[in-house]
Amino acid sequence: MSVDTAALNAARHRLADDAPVWLFGYGSLIYKVDFPFVQRTPAAIYGWERRFWQGSEDHRGVPGAPGRVVTLIDSPGSRCGGIAYQIAAGVFRHLDVREKHGYLRLWQALHFADGSTVDGLVYIAGPENPGFLGPAPEPEVAAQVARAVGPSGDNRGYLLQLAAALRELGERDEHVFALEAAVLERQRSVSGG
Ligand code: BEZ
């Protein structure tokens with residue numbers, strides 16, 4: 001699969017521009033809302049775990065020195081909390097370019113706090129995409145996140161913003177919070193404080 005998934009996503013889902021669609025955000029879509037939406041609300045999906053397992057060469061790293069950003073890993077019984085946005089399908093023209101590095105849009109059941117569910121689209125970068133890095137020991141992941149920088153800013157900022165946004169939502173994500181602690185500790189020890 002090509003790592004540039006923008007054209008693949010546009011071809012996979014042929015929706016009228018004004019069709020209302022639900023989109024689930026579990027990473028930067030939670031805190032970087034640079035797109036119009038009709039409504040948004042906390043939501044969760046089941047059977048997936050958020051992991052810093054996708055390489056970023058276009059936002060939080062560069063070719064040859066990729067950062068790490070989140071994707072979702074198939075994990076029966078797990079829950080991943082985030083935010084659901086109702087958008088007009090035409091908005092995907094912007095989002096497909098923003099999230100073009102290996103992410104395909106998949107339909108999933110989105111669960112709302114009131115117990116209702118709706119089908120929505122979720123960007124997932126699977127293990128078959130060339131940008132997939134997979135797991136690594138936490139100190140290595142922390143070191144990579146601490147040093148990577150790309151056109152959208154430093155990888156550390158991405159992690160810290162995501163952790164803060166999850167806390168604000170009341171979501172506990174041990175993987176994200178442990179990595180945040182490791183990166184902050186690393187920074188303290190490097191600056192001697
Ligand atoms: C998200 O926030 O849902 C998201 C994460 C990675 C890529 C695309 C979207």
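In this structure, F24 has its ring center at least 6.0 angstrom away from the ring center of W48.
Put simply, V176 and V141 are part of the same group of oily side chains (I, L, V, M, F, W, Y) that touch within less than 4.5 Å, one to the next. There is a path of hydrophobic side-chain contacts, each under 4.5 Å, that joins V122 to L15. By the criterion of side-chain heavy atoms lying less than 4.5 angstrom apart, applied directly or through intervening Ile, Leu, Val, Met, Phe, Trp or Tyr residues, F177 is grouped together with L179 in one hydrophobic cluster. Residues W22 and L104 do not share a hydrophobic cluster, defined by chaining ILVMFWY side chains whose heavy atoms lie under 4.5 Å apart. Neither L29 nor V38 shares a network with the other; the hydrophobic side chains, linked directly or stepwise wherever heavy atoms of I, L, V, M, F, W or Y lie under 4.5 Å apart, form separate groups for each.
Under a 3.5 Å cut-off, the side chain of Q54 and the backbone N or O of I124 do not form any donor-acceptor pair. Looking only at distances, no side-chain donor or acceptor of Y158 sits under 3.5 Å from a matching main-chain atom of R68. Distance alone, capped at 3.5 Å, places no donor-acceptor pair between the Y123 side chain and the G102 backbone. When atom types are taken as modelled, the side chain of Y46 and the backbone of H111 share no donor-acceptor pair closer than 3.5 angstrom.
In E174, the CD atom is crowded: over 12 heavy atoms of neighbouring residues, nucleotides or ligands sit closer than 6.0 Å. Around atom CZ of R93, no more than 12 heavy atoms belonging to other residues, nucleotides or ligands sit under 6.0 Å away.
A distance of 10.5 Å separates CD of Q108 from SG of C80, quoted to the nearest 0.5 Å. Note that CZ of F132 is 4.0 Å distant from CD1 of I73, once rounded to the nearest 0.5 Å. The distance from atom CG of L72 to atom CG of D74, rounded to the nearest 0.5 Å, is 10.0 Å. The CG atom of L160 sits 9.5 Å away from the OH atom of Y31 when rounded to the nearest 0.5 Å. The CD atom of E138 sits 11.5 Å away from atom CD of E140, with the distance rounded to the nearest 0.5 Å.
By the 30° and 60° cut-offs, the orientation of the rings of F52 relative to H175 is tilted.
Among all heavy-atom pairs drawn from Y26 and T71, the shortest one is OH-CA, 3.5 Å. Residues G81 and L166 share a closest heavy-atom pair of O-CD2, 4.2 Å. Closest heavy-atom contact between V62 and P151: CG1-CD, 4.5 Å. Heavy-atom minimum distance, I87 versus P36: CG2-O, 3.7 Å. Between S152 and H59, the shortest heavy-atom distance links the atoms OG-ND1, 2.6 Å. Of all heavy-atom pairs between P66 and A148, the closest is O-CB, 4.0 Å.
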Open item on the list: Is there a side chain to side chain contact (heavy atoms under 4.5 Å, CB included) between V91 and Y85? Walk through the geometry before answering.
Closed with: CA-CA 11 Å; V91 172; Y85 299 87; over 6 Å; no
TODO: Check the pair R105, L95 against side chain to side chain contact (heavy atoms under 4.5 Å, CB included), reporting the backbone distance first and the verdict last.
DONE: CA-CA 10 Å; R105 287 193 250 129; L95 292 175; over 6 Å; no
TODO: Start with the C-alpha distance between R156 and R186, add both sets of side-chain angles, then the distance that settles side chain to side chain contact (heavy atoms under 4.5 Å, CB included), and finish with yes or no.
DONE: CA-CA 11 Å; R156 180 180 164 279; R186 200 188 146 75; over 6 Å; no
Open item on the list: Run the side chain to side chain contact (heavy atoms under 4.5 Å, CB included) test on H101 and V69 for me, step by step, so that the C-alpha distance in whole Å, both residues' side-chain angles and the decisive distance to 0.1 Å come before the verdict.
Closed with: CA-CA 11 Å; H101 194 72; V69 291; over 6 Å; no
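The side chain to side chain contact (heavy atoms under 4.5 Å, CB included) test with I83 is passed by exactly one of I30, L110, L23: I30.
Using a cut-off of 4.0 Å between Lys/Arg side-chain N and Asp/Glu carboxylate O, R50 and E171 are scored as not salt-bridged.
With contacts defined as side-chain heavy-atom distances shorter than 4.5 Å, the pair D34/H94 qualifies.
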